[in-house]
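All chains are named by letter (A, B, ...) in the order of the sequence lines, taking the proteins before the strands, and each is independently numbered beginning at 1.
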2 protein chains.
Amino acid sequence: MARPPHAREKALDAYAEILRADGERAATIDAVAARAGVSKGGVLYHFPSKEALAEALLERFHEVSEAELIEMQTDPEGPSRNYVRTSWQTSEEEDPIYRAVLRLAQSSWQPAITAIEQIHKAWGDLVRGEVGDEAIADAIMLIGEGLYYHSAMPGTWTAGTFDHSIDDLLAVVDRLKKHATSSSEPYPWPPSAPPTP
Amino acid sequence: MARPPHAREKALDAYAEILRADGERAATIDAVAARAGVSKGGVLYHFPSKEALAEALLERFHEVSEAELIEMQTDPEGPSRNYVRTSWQTSEEEDPIYRAVLRLAQSSWQPAITAIEQIHKAWGDLVRGEVGDEAIADAIMLIGEGLYYHSAMPGTWTAGTFDHSIDDLLAVVDRLKKHATSSSEPYPWPPSAPPTP
DNA sequence: GTCTATAGGGCGATAGAC
DNA sequence: GTCTATCGCCCTATAGAC
């Protein structure tokens with residue numbers, strides 16, 4: 001795996017990008033091959049079926065989301081702010097993988113639905129652990145999911161919509177957190193010293 | 001239009017339901033015809049092309065969303081609570097049209113994207129008018145959109161997730177509104193006596 | 001490993017009987 | 001108005017040359 005064939009990665013990149021930008025229906029093997037600069041047969045050599053392409057994307061997703069989860073745990077801002085901030089900022093340009101997988105989930109592909117469900121649960125656990133109030137944790141999670149809702153919408157609709165106000169939004173999150181901690185004793189946070197990378 | 005052929009409406013219903021439940025790709029003319037209990041040719045008599053089917057759905061959407069907008073304006077709870085509540089509750093069983101159109105938007109069909117964009121802008125204007133604070137209005141809108149994000153996800157993931165906590169969530173919305181009105185003078189609300197239907 | 005050529009199946013749309 | 005039959009296209013996948 002140290003130096004796998006480049007065509008494979010290029011095809012997977014192309015697949016993710018077409019999915020994200022144009023939707024599941026546009027992500028045909030022809031389109032992937034054209035964008036990756038290889039032939040259809042070339043793509044099908046590395047990915048014996050179209051589903052294999054989707055499965056490979058899901059593997060990438062698991063790697064990336066595991067790393068994101070660690071970042072969220074160790075961010076000195078705390079999980080809530082990290083979640084809301086990255087919900088918007090990784091949506092802007094980075095992290096095309098999440099949104100590509102989201103498209104597969106929206107197309108009712110069960111493995112993608114399960115994967116999204118799992119990572120959301122993990123994120124939600126961290127936020128709940130930090131704020132210690134169920135309803136407020138729900139509200140914070142929904143704000144982040146609302147940002148994903150925007151980022152998952154095709155077209156130019158939401159480009160930059162929250163760029164000017166993400167800090168104000170984070171201030172609202174702070175206020176929600178503060179209210180939660182003042183009305184009930186929160187879970188201990190951070191649970192221990194974050195590991196140094 | 002007083003008594004249009006039933007097959008037309010049944011086909012449109014079937015199209016919306018398949019779209020909502022199984023995604024854009026599954027909404028073939030064959031599938032629509034089967035669910036509506038007519039033949040493919042029968043469907044294509046009323047809707048000369050597949051796009052005509054989508055356009056008819058969009059017309060329905062415009063009618064329904066106009067009515068929803070009036071409800072949101074006249075709800076004695078105010079637009080914010082109405083928005084958050086209906087974001088979840090109409091997702092449960094009612095309002096398959098919104099989610100059907102959402103699927104078309106997620107498939108990068110521009111007319112659907114534009115329609116969703118417009119209704120969101122109208123909702124956002126009402127919420128901003130009520131709370132009078134930009135960041136808090138954004139947060140409230142995002143909570144509602146987060147609920148739609150859940151409702152737009154296929155499968156059983158989110159079924160009932162917020163049923164037990166929607167009132168707690170509305171309490172958080174109240175708290176956000178309260179903070180906004182205490183820190184800055186809000187817009188006048190309600191603007192005038194709501195029209196009686 | 002990557003290509004071209006082609007088989008096989010599904011889908012949108014048309015034609016014409018009833 | 002609704003049906004059946006069929007055409008033509010696009011997409012997935014396979015076969016085999018290089």
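Within 4.0 Å (heavy atoms only), B:Leu44 reaches at least one base atom of the nucleic acid.
Between B:Glu51 and A:Val43, the residue whose closest nucleotide on DNA chain C is further toward the 5' end is A:Val43.
Here A:Asp13 does not pair with A:Lys10 in a salt bridge; the nearest charged N to carboxylate O distance is not below 4.0 Å. A salt bridge links A:Arg81 with A:Asp174: at least one charged nitrogen is closer than 4.0 Å to a carboxylate oxygen.
Residue B:Arg25 has its side chain nearest to D:dC11 when only D:dC11, D:dA13, C:dG12 are considered.
Taking the six-membered ring wherever Trp is involved, the centroid distance between the rings of B:Tyr148 and B:Tyr98 falls below 6.0 Å. Taking the centre of each ring, A:Tyr149 and B:His150 stay at or above the 6.0 Å mark.
The side chain of A:Tyr45 places no N or O atom within less than 4.0 Å of a non-bridging phosphate oxygen (OP1 or OP2) of C:dT2. Within the structure, every side-chain polar atom (N or O) of A:His6 is placed at least 4.0 Å from both OP1 and OP2 of C:dG1.
Distance A:Phe47 CZ to C:dG1 P: 13 Å, rounded to the nearest Å. The CG atom of B:Leu53 sits 10 Å away from the P atom of C:dA13 (whole-angstrom rounding). The interatomic distance linking A:Lys50 (NZ) with C:dG9 (C1') rounds to 15 Å, in whole Å.
Judged by distance alone, with hydrogens and angles left aside, the side-chain atoms of A:Lys40 form no donor-acceptor pair with the main-chain N or O of A:Ala31 at under 3.5 Å. A:Ser165 contributes no side-chain N or O that, together with a main-chain N or O of A:Asp168, makes up a donor-acceptor pair within less than 3.5 Å. At distances below 3.5 Å, at least one donor-acceptor pair connects side-chain atoms of A:Arg103 with backbone N or O atoms of A:Arg20.
The stretch residues 30-41 of chain B touches DNA chain D through B:Val38, B:Ser39, B:Gly41, each having a heavy atom under 4.0 angstrom from the strand.
Axis orientation changes by 0° from one end of the helix from C:dG1-D:dC18 to C:dC18-D:dG1 to the other, with each end axis drawn from 5 pairs and the value rounded to 10°.
Here the closest non-hydrogen pair linking B:Trp88 and B:Ile166 is CB-CD1, 3.8 Å. The two residues A:Val131 and A:Ser80 have their closest heavy-atom pair at CG1-OG, 3.6 Å.
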